[in-house]
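Below is one structure; the comments refer to it alone.
Note that these values count all heavy atoms, side chains included, but never hydrogens, waters or copies made by symmetry. Sequence lines set the chain letters: A, B, ... in the order given, protein chains first and strands last, and positions in each chain run from 1.
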Protein chains: 2
Amino acid sequence: MPNSTLEHEAFARKLAGSGLRSTPQREVVYNVLMQKRDHPTAEEVFTRVRERRPGISLATVYNCLETLAQCGLVRQVNLEREPTRYCPNLLPHAHFHDEETGAILDVDLPASLLDKLKVVLPRGYEASVIEIAFRGRARPPLSARRTVQSA
Amino acid sequence: MPNSTLEHEAFARKLAGSGLRSTPQREVVYNVLMQKRDHPTAEEVFTRVRERRPGISLATVYNCLETLAQCGLVRQVNLEREPTRYCPNLLPHAHFHDEETGAILDVDLPASLLDKLKVVLPRGYEASVIEIAFRGRARPPLSARRTVQSA
DNA sequence: GCAGCCAATTGGAATGATTCCGGATAGCAA
DNA sequence: TTGCTATCCGGAATCATTCCAATTGGCTGC
Ligand SMILES: [Mn+2]
Ligand SMILES: [Mn+2]
Ligand SMILES: [Zn+2]
Ligand SMILES: [Zn+2]
């Protein structure tokens, strides 16, 4: 089971590895992201977090998200000029952005494709991150045409 | 010679194709982009354009860039949360973003790779645009270590 | 040539996601 | 306890971009 939610302990260890503390705020932000595995904006995360921790501030949510991203617990996703979104899926994957509904879909990338991608760089260029985004329309196959649900 | 600068005529035709007029402002913005084939921000385009057309406004530069992008004469490039950049290279290509210098490099993509990319989408998902961005460091080979020039 | 029409341009105000700041808090160490 | 910092917090500031309302300019039809 790849990429499962970390427990208190493991979560704290991961942060400690970057010289950071585990705090209630950070933990809630993290858990909220892992619970619903979509791609919320900071504002959306704020809304969800407030249900569990009404006193938290938007600034703190931004800080926590930044912190979690820095120690690799979540991924930042930027599409077009829209507000940054946060992705709990740590496996290498691309994003499909439906320009009609705004829905964002994780698209798994086979290792073979990633290998081919690195080869296109000229000598001397080393990429630490590769971002791939598809933009277009999703025409769900008939089998799924009942209640269309965005994620 | 792929992707060469359009003349007045062809430029006007291309715009007319989208029901738009060719204007001096649009033409200057276009020519400025084609002249130095880098990835300037709107602000940088504004600076360059003002040399030829001191009266132009920033709003107009934004409008022209938007217009040119809409009829496919230039490409918008968004990296991270930085200001949008504009790319005159219409061939399919990816971008390498040097996180040290900020330089942006066009990276040609073989058609075979693009084919492989489309295959990863699940049934029913059709992408009209595929954006690929590498982020990392460029360690120029010794042969190029004299005057390092950003683009 | 002139009036009318609509696209395009313009300066300035507004927007909005994100960052910054300075002061409270709170966990840990001595 | 008493510090020492890391963290949190509310509110102000930032700044790329968009919006707006007013002007301008190019055509079309007369
Ligand atoms: Mn969208
Ligand atoms: Mn940069
Ligand atoms: Zn994702
Ligand atoms: Zn480019």
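- At least one donor-acceptor pair under 3.5 Å links the side chain of Ser128(B) to the backbone N or O of Arg135(A).
- Under the side chain to side chain contact (heavy atoms under 4.5 Å, CB included) criterion, Ser57(B) pairs with Ala59(B), Thr60(B), not counting sequence neighbours.
- One interatomic measurement links the two molecules: CD of Glu80(A) to P of dA16(D), which rounds to 19 Å at whole-angstrom precision.
- A donor-acceptor pair shorter than 3.5 Å can be found between the side chains of Arg75(B) and His93(B).
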Counting primed atoms, P, OP1 and OP2 as sugar-phosphate and everything else as base, the B/S/- map of nucleotides 16-30 of chain C against protein heavy atoms under 4.0 Å is -SBB-----------
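- Donor-acceptor pairing under 3.5 Å is lacking for the side chains of His39(B) and Asn89(B).
- As a whole-Å value, the separation of Phe46(B) CZ from dT9(C) P is 14 Å.
- Between Thr23(A) and dA6(D), a side-chain N or O to OP1/OP2 separation shorter than 4.0 Å is absent.
- Atom P of nucleotide dT7(D) and atom CD of Glu27(A) are separated by 14 Å, given to the nearest angstrom.
- Across all strands, Thr60(B) comes closer than 4.0 Å to base atoms (heavy-atom distances).
- When the P atom of dG25(D) is taken as reference, atom CZ of Arg26(B) falls 16 Å away, rounded to whole Å.
- Counting only residues at least two apart or in different chains, salt bridge (Lys or Arg N to Asp or Glu O under 4.0 Å) contacts with residues 60-71 of chain A are absent.
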